[in-house]
Amino acid sequence: MQIKITLPDQSVREFPKGSTALDVAKSISEGLARNVLAARINGEVRDLTLPIDEDAQLTLLTWNDAEGKSTMWHSSAHLMAEALEHFYPGVKFWVGPAVQNGFYYDVDFGGQAFSADDLKKIEDKMAELAKQANPYERKLMSKDEAIRYFTEKGDQYKLDLLGNLQDGSITFYTQGSFTDLCRGPHIPHTGYIKAIKLTNVAGAYWKNDASNPMLTRIYGITFPKKSELDEYLAMLEEARKRDHRKIGKEMEIFTFDDDVGPGLPLWLPNGGVLIEELERLAKKTEAVAGYKRVRTPHLAKESMYLTSGHLPYYEDSMYPAMEFDGEKYYLKAMNCPHHHKIFKELNPSYRDLPIRLAEYGTCYRYEQSGELFGLMRVRSLQMNDAHIYCTREQFAEEFNAVNDMYLKYFRIFGIEKYVMRFSTHEPSKLGQKYVNNPELWKQTEDMVRQVLIDSKIPYVEVPDEGAFYGPKIDVQVWSAIGREFTLATNQVDFAVPARFGLSFRNAKNEMETPICIHRAPLGTHERFIGFLIEHFAGNFPLWLAPEQVAVLPISDKFNGYAKKVLRQLINSDIRGLVDDRDEKIGKKIRDAEVKKIPYMLIVGEKEEQESCVSVRQHGKGDQGSLSIQAFCDKLNKEVDELLSV
RNA sequence: GCCGAUGUAGCUCAGCUGGUCAGAGCUACUGAUUUGUAAUCAGUAGGUCGGGGGUUCGAAUCCCUCCAUCGGCUCCA
């Protein structure tokens, strides 16, 4: 009996019933058959060796498909488990999935010591087992049978997994000496795995729950070719060079000091410039958008955080209270309550709305020690914060305007890789985790979703992650080493204003509670600058660069002229320095290049006589000569263009 | 906070199993050199080897503890 297989190009081929996807691949070409890793059969990713019994849509998946990669990585996790079992008999395994870059397996070594030093021997064993090209054999088992198997083995982890599985759908896979409970799919045999790197070993809570015991998680990655592993390792090496902690030190942007405390960055002069420039941009942008600037203290009494509702919810991440005059004071972890108090003082009518209060507010959050991470996760932070108070009718327009501001900033910084994460509420948790106002939740979530759709912004919707007072949008970006961060946030709050008794008089002379939008498009100085360092690899655009121009005299005879050039630059609002060290010009150029200064001006006898400068651009070399004034004009024009996109 | 690792001059690092092991390069400073588009030469200075405790005749090296950092987990802007 024949079955019809439809391939992605819609061509249909006939095969005997029970043929496998691998048979199909072989019928197309020998090369494809060698490279194919898994198959999508009627939408589901399956083993290549699974017999197909009826007509089907078939896509053959190779290393170029995400599912092909993850199938191979998942099989690699099994291979690693086999190697581990060889050296550590009696180890227990929890789960071993494929992840973005490779795979991991969570392992309970039962008290046997295991550290990064042991990875090499596991790697070598894996390579040896891979060479044997052992097939991954699938076997269906009844639930009772499976329970008996793991009870005998004393494996409480797999028994736990079994608890959630339906009888009749339980499959096992065996390769070589290792058998695992597993849904699959897998590659046909271990021989596909040609290059192996175990990358690190770390602790991970069982079931990702901090109250559970900790398992040992071993991460690794494999490739079908040795050269691809080498490329991957080289790519990692490049990424490490962009790490903001490394560049931040080299470029003297920030530092940490033991006496100051963990997570409390000191901004060095170059970092100070970055902050000044970012604030200049934000203040201009916000002024144009109708924001008013306010300033508030770094601390407040306990009563305010009880009013806002933050204290019970947030106390663990606030610095403990300071007590004086019989009152408790807290360092602020957020600016909103202070701003609410300002709104109240303004006592506006509907004619005054929307009111937009902006402040680069400094907050303090007691982050757990293990969470601290360079500038990306700190304990003192300055937020590009603002709160917009508006009527329900004004909400959509205001929210849209905030969104436009985000997009404008992204254009200025050339931020292209990001995802908007739209967090909504879970209706069953109304009144507990979320403010109990189902209609407002639905209304605002619909409005927010519509804004995202209308602006054609890529976004993912994540249920049950909203703030307690409303839905929110977070902008997710990635650090050089691939860690995901929330860069900016935009939250809707239809609850806390009422707790503060905020109101305005509407057109019908009634009191009404405003909706509040919390927004921070530039996140915090700390995280944003950390991100920018990696984004630009330290090669900041001209307007941000801490030093924009290095004036390099050929010899000390021209130091005087160099200083004259610098004065003129400063008069034209350009930041610069003169390198008047007793060094050769090659050395001065090299040092300025290493410091990533956008422009170098070489000045010697010729330049002094002609009142001009020889322009060299960072990374681009000699650009010819210009008069001093023409150079200043050129730079100012360049800055204007960078900022007016 | 949890698991694991690391911690030597301002920076990057060497220093094997305890006994000229306190070193190198860069930086800084001094002097010579007066230089034309990515490193001129020479000299000098700089560290109680993260802090504290212990083992030992003797500790950067071994043990304990605290602190910090790194890789993850949990959490988050």
Side-chain angles (χ1 to χ4, degrees), chain A residues 104 106 109 113-118 199-219 240 243 245-246 249-250 252 255-259 261-263 314 316-317 333-334 363 365-378 381-385 465 472 474-477 481 483-491 518 520-528 530-531 552-559 581-595 600-607 614-624:
Chain A
Y104 66 79
D106 281 348
F109 281 92
F114 188 85
S115 80
D117 300 336
D118 301 311
T199 45
N200 69 60
V201 35
Y205 296 111
W206 183 43
K207 295 187 179 181
N208 288 342
D209 184 337
S211 61
N212 280 335
M214 197 157 248
L215 301 173
T216 304
R217 177 171 295 179
I218 305 173
Y219 285 89
R240 268 184 222 112
D243 192 316
R245 292 166 297 189
K246 181 175 156 61
K249 180 173 283 227
E250 287 165 356
E252 299 187 343
T255 190
F256 291 93
D257 183 277
D258 278 359
D259 270 338
Y314 220 80
D316 285 348
S317 43
M334 65 292 293
C363 299
R365 296 181 178 180
Y366 182 76
E367 302 290 351
Q368 297 182 66
S369 60
E371 260 78 81
L372 301 175
F373 176 68
L375 279 182
M376 302 292 204
R377 194 74 181 275
V378 290
L381 45 108
Q382 209 172 352
M383 259 195 269
N384 171 226
D385 214 357
E465 296 225 340
K472 64 175 179 176
D474 292 324
V475 181
Q476 303 301 112
V477 295
I481 58 169
R483 208 186 290 205
E484 185 176 343
F485 283 92
T486 299
L487 190 66
T489 185
N490 182 8
Q491 313 179 348
H518 307 236
L522 299 180
T524 65
H525 279 323
E526 289 72 17
R527 190 171 287 180
F528 201 74
F531 169 77
L552 311 178
I554 294 287
S555 79
D556 62 7
K557 285 187 235 159
F558 310 105
N559 285 353
R581 291 175 305 167
D582 186 7
E583 291 288 354
K584 291 168 81 167
I585 193 68
K587 169 73 165 166
K588 294 184 185 182
I589 287 170
R590 181 185 147 76
D591 286 350
E593 290 279 359
V594 167
K595 283 157 86 178
M600 284 147 274
L601 299 181
I602 288 100
V603 294
E605 191 172 2
K606 188 169 63 126
E607 288 76 12
S614 280
V615 181
R616 182 189 165 100
Q617 202 170 352
H618 171 56
K620 292 191 182 148
D622 197 345
Q623 306 284 303

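Residue numbers start from 1 in every chain, and the chains themselves are labelled A, B, ... in the order their sequence lines are given, proteins ahead of strands.
- Atom pair A:Glu250:CD and B:rC26:P shows a separation of 17 Å (rounding to whole Å applied).
- Among the atoms of the strands shown, only primed sugar atoms or phosphate atoms (P, OP1, OP2) are found under 4.0 Å from some heavy atom of A:Ile585.
- An OP1 or OP2 oxygen of B:rU74 is reached within less than 4.0 angstrom by a side-chain nitrogen or oxygen of A:Asn208.
- Rounded to the nearest 0.5 Å, atoms CG (A:Leu381) and CG (A:Leu375) are 11.0 Å apart.
- Look at the C1' atom in both B:rA59 and B:rU48: the space between them is 13 Å, to the nearest Å.
- Not one side-chain nitrogen or oxygen of A:Thr489 sits closer than 4.0 Å to the OP1 or OP2 atom of B:rA77.
- Taking atom P on both B:rG18 and B:rU61, the two are 11 Å apart, rounded to the nearest angstrom.
- Here A:Leu552 lies out of heavy-atom contact (under 4.0 Å) with every strand.
- Here the C1' atom of nucleotide B:rA28 and the CD atom of A:Glu252 are 12 Å apart, to the nearest Å.
- Contact check, A:Arg527 against B:rC76: no side-chain N or O comes under 4.0 Å of OP1 or OP2.
- Salt bridge A:Arg616/A:Glu593: present, at least one basic N to carboxylate O contact under 4.0 Å.
- The base of B:rG1 lies outside donor-acceptor range of the side chain of A:Tyr366, with no N or O pair under 3.5 Å.
- Using a 4.0 Å heavy-atom cutoff across all strands shown, A:Lys584 reaches at least one base atom of the nucleic acid.
- The side chain of A:Arg245 contributes an N or O atom lying less than 4.0 Å from OP1 or OP2 of B:rC70.
- Counting atom types as modelled, A:Arg581 pairs no side-chain N or O with a base atom of B:rA28 as donor and acceptor under 3.5 Å.
- A:Tyr219 has no side-chain polar atom (N or O) that falls below the 4.0 Å cut-off from OP1 or OP2 of B:rG4.
- In this structure, the CG atom of A:Asp556 is 13 Å from the C1' atom of B:rA32, given to the nearest Å.
- B:rA28 is paired with B:rU44 under the criterion used here, namely a Watson-Crick or G-U wobble arrangement in which both key atom distances are under 3.5 Å.
- B:rA9 and B:rG46 have their P atoms separated by 15 Å, with the value rounded to a whole Å.
- Residue A:Ser614 is classed as a base contact, given a heavy-atom separation below 4.0 Å to a base.
- Listed candidates were B:rG36, B:rC73, B:rA77. Nearest to the side chain of A:Lys472 is B:rA77.
- Between A:Glu484 atom CD and B:rC75 atom C1' there is a gap of 14 Å when expressed in whole angstrom units.
- In this entry the distance linking CE of A:Met383 with P of B:rA77 reads 9 Å, nearest Å.
- Taking atom CG of A:Asp259 as the reference point, atom C1' of B:rG50 lies 12 Å away to the nearest angstrom.
- Using a 4.0 Å heavy-atom cutoff across all strands shown, A:Gly523 reaches no nucleic acid atom at all.
- Within the nucleic acid shown, A:Glu605 comes within 4.0 Å of at least one base atom, counting heavy atoms only.
- The structure places OG1 of A:Thr524 at 9.5 Å from CG of A:Asn384, a figure rounded to the nearest 0.5 Å.
- Pair assignment for B:rA38 gives none, since no Watson-Crick or G-U wobble pairing has each distance under 3.5 Å.
- If you check distances only, the side chain of A:Arg377 does reach the base of B:rC75 with a donor-acceptor pair under 3.5 Å.
- Residue contacts shown for A:Asp622 include a base, since a base heavy atom lies under 4.0 Å away.
- A donor-acceptor pair under 3.5 Å is absent between the side-chain atoms of A:Arg365 and the main chain of A:Ser317, judged by distance alone.
- With both ends at atom P, the span from B:rC67 to B:rG25 equals 38 Å, rounded to whole Å.
- Using a 4.0 Å heavy-atom criterion, one finds that A:Gly604 contacts the bases of the nucleic acid, with or without backbone contacts as well.
- Atom NZ of A:Lys595 sits in a sparse spot, with 12 or fewer heavy atoms from other residues, nucleotides or ligands closer than 6.0 Å.
- A side-chain contact (heavy atoms from CB on, under 4.5 Å) with A:Met376 is found for one member of A:Glu526, A:Arg245, A:Glu371, A:Arg527 and no other, namely A:Arg527.
- Going from the P atom of B:rC63 to that of B:rU6 covers 11 Å, rounded to whole Å.
- Of all nucleotides listed (B:rU74, B:rU35, B:rA28), B:rU74 comes nearest to the side chain of A:Glu371.
- Distances were taken from every side-chain heavy atom of A:Thr524 (C-beta onward) to each of B:rC11, B:rA38, B:rA77; the shortest belongs to B:rA77.
- Under 4.0 angstrom from either OP1 or OP2 of B:rU34 there lies no side-chain N or O belonging to A:Lys588.
- Within the nucleic acid shown, A:Met214 comes within 4.0 Å of at least one base atom, counting heavy atoms only.
- Each of B:rU27, B:rC73, B:rU74 was ranked by its minimum atom distance to the side chain of A:Gln368; first place goes to B:rU74.
- Each of A:Phe485 and A:Phe114 was matched to the nucleotide of RNA chain B holding its nearest heavy atom; the match closer to the 5' end belongs to A:Phe114.
- For CD of A:Glu605, the number of neighbouring non-hydrogen atoms (other residues, nucleotides, ligands) closer than 6.0 Å is 12 at most.
- Residue A:Asp258 is in sugar-phosphate contact alone, with no base atom involved, counting any heavy-atom pair closer than 4.0 Å across all strands shown.
- Rounding to the nearest 0.5 Å gives a distance of 5.0 Å between CG of A:Leu522 and CZ of A:Phe528.
- The residue among A:Asp209 and A:Gly586 whose nearest nucleotide of RNA chain B lies closer to the 5′ end is A:Gly586.
- Under the Watson-Crick or G-U wobble criterion, with both distances below 3.5 Å, B:rG18 is left unpaired in every strand shown.
- Heavy atoms of A:Ala210 sit under 4.0 angstrom from primed sugar atoms or phosphate atoms, though from no base atom.
- Partner assigned to B:rG71 is B:rC3, using Watson-Crick or G-U wobble distances below 3.5 angstrom.
- When the P atom is used for both B:rC11 and B:rA5, the distance is 25 Å, rounded to whole Å.
- Residue A:Phe373 is in sugar-phosphate contact alone, with no base atom involved, counting any heavy-atom pair closer than 4.0 Å across all strands shown.
- Which of B:rA39, B:rG72, B:rA77 sits closest to the side chain of A:Thr486 comes down to B:rA77.
- Remark: the separation of the C1' atoms in B:rC29 and B:rA22 is 22 Å, to the nearest Å.
- In this structure, A:Glu465 reaches neither bases nor backbone, as no heavy-atom distance under 4.0 Å exists between it and the strands shown.
- Spacing between atom CG of A:Leu372 and atom P of B:rG1 amounts to 9 Å, rounded to whole angstrom units.
- A:Glu367 comes within contact range of at least one nucleobase, with a heavy-atom separation under 4.0 Å.
- Between A:Asp118 atom CG and B:rA5 atom P there is a gap of 10 Å when expressed in whole angstrom units.
- A gap of 14 Å separates the P atoms of B:rG7 and B:rC49, to the nearest Å.
- To the nearest 0.5 Å, the span separating OH on A:Tyr314 from CE on A:Met334 amounts to 5.0 Å.
- Residue A:Ile554 holds its CD1 atom at 8.0 Å from NZ of A:Lys588, rounded to the nearest 0.5 Å.
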